[in-house]
K.L.:
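Provided herewith is a single structure, encoded as structure tokens, for subsequent inquiry.
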Amino acid sequence: MSKTNIVEYCFGQEVDRTAIAVLLSVAVFSVVYISSLYDTDIVPLLVNTTQGGVVVLLLLAAAYYYHENRGVLVAFLIVFAPIYAVFIRLVELGNIAPSPLREAVVEAVPLTLLFAVPITILSIGLALVYERFSTN
């Protein structure tokens, strides 16, 4: 596999779509985290709906991106960003382990990976199944 193929496999085939997906992921992370600072109900809403709606939305968003652009790491980022924002806030608030923000940023990573990796794998599988059985 050449260096170009590895870069395309990780980040996607089209630079514009990759940039848009990364910017949207950063924006979603920012919105979720900043809104959680102002005592909004976004963290409980996301945590309580992870059994269904939000997980399905993340799964479909990452599957769509992977189907359109083939970037594994960017599809992962789409899933990782909002989950990471929620876990940073949960750790910081002490719902998981009371920690200041600088420690919460590190402590939230393994918790986020526990959810983000399987969801990303499912989303890539969903995109591949869709491509296999779609009639174009």
K.L.:
As an exercise, state the distance from CG of Leu90 to CD of Glu92, rounded to the nearest 0.5 Å.
P.N.:
10.0 Å
K.L.:
Is the shortest side-chain heavy-atom distance between Leu101 and Ile88 below 4.5 Å?
P.N.:
yes
K.L.:
Could you point out which residue of Val105, Val32, Leu77 forms a side-chain contact (heavy atoms from CB on, under 4.5 Å) with Tyr84?
P.N.:
Val105
K.L.:
Of all the heavy-atom pairs spanning Pro82 and Val28, show the shortest one and how long it is.
P.N.:
CB-CG1, 3.8 Å
K.L.:
For residues Ala63 and Ala127, report the shortest heavy-atom separation together with the two atoms involved.
P.N.:
O-CB, 3.5 Å
K.L.:
So that I can tick it off, tell me whether Glu131 and Arg70 are bridged by a salt bridge, with the cut-off set at under 4.0 angstrom between side-chain N and carboxylate O.
P.N.:
yes
K.L.:
State the CD1-CG distance between Ile121 and Leu59, to the nearest 0.5 angstrom.
P.N.:
11.5 Å
K.L.:
Would you indicate whether the side-chain heavy atoms of Leu60 and Ser123 approach each other to under 4.5 Å?
P.N.:
no
K.L.:
Hey, what do you get for CG (Leu73) to OG1 (Thr18), rounding to the nearest 0.5 Å?
P.N.:
10.5 Å
K.L.:
Look at the side chain of Asn69 and the backbone N and O of Gln13, then say whether any donor-acceptor pair between them is shorter than 3.5 Å.
P.N.:
yes
K.L.:
Count I, L, V, M, F, W, Y as connected when their side-chain heavy atoms are under 4.5 Å apart, and connections chain through other members. Are Leu24 and Tyr65 then in the same cluster?
P.N.:
no
K.L.:
Compare every heavy atom of Ala62 with every heavy atom of Val79, then report the nearest pair and how far apart it is.
P.N.:
CG2-CB, 3.6 Å
K.L.:
Just so I know, are the side chains of Tyr33 and Val86 near enough to count as touching, which here means a heavy-atom distance under 4.5 Å?
P.N.:
no
K.L.:
Looking at Leu58 and Ile78, what are the two nearest heavy atoms and their distance?
P.N.:
CD2-O, 3.8 Å
K.L.:
Are Ile20 and Val74 connected into the same hydrophobic cluster when the rule is that any two of I, L, V, M, F, W, Y join if their side-chain heavy atoms are below 4.5 Å apart?
P.N.:
no
K.L.:
Test ring-ring contact (aromatic ring centres under 6.0 Å, His included) on Phe29 and Phe80; report intermediate values, then the result.
P.N.:
CA-CA 9 Å; Phe29 171 85; Phe80 184 86; 8.7 Å; no
K.L.:
Answer yes or no: is there a side-chain heavy-atom contact under 4.5 Å between Cys10 and Val72?
P.N.:
no
K.L.:
What I'd like to find out is whether the side chain of Phe11 reaches to under 4.5 Å of the side chain of Val22, using heavy atoms alone.
P.N.:
no
K.L.:
Thr120 and Tyr66: side-chain donor and acceptor closer than 3.5 Å?
P.N.:
no
K.L.:
Quick one: are Arg89 and Leu37 in side-chain contact, heavy atoms under 4.5 Å?
P.N.:
yes
K.L.:
Quick check on the hydrophobic clustering: are Leu122 and Leu114 connected, directly or via other members, by side-chain heavy-atom contacts under 4.5 Å?
P.N.:
yes
K.L.:
Tell me whether Ile124 shares a hydrophobic cluster with Tyr64, the cluster being built from Ile, Leu, Val, Met, Phe, Trp, Tyr side chains joined at under 4.5 Å.
P.N.:
no
K.L.:
Does Leu128 share a hydrophobic cluster with Tyr9, counting links as ILVMFWY side-chain heavy atoms below 4.5 Å and allowing steps through other members?
P.N.:
yes
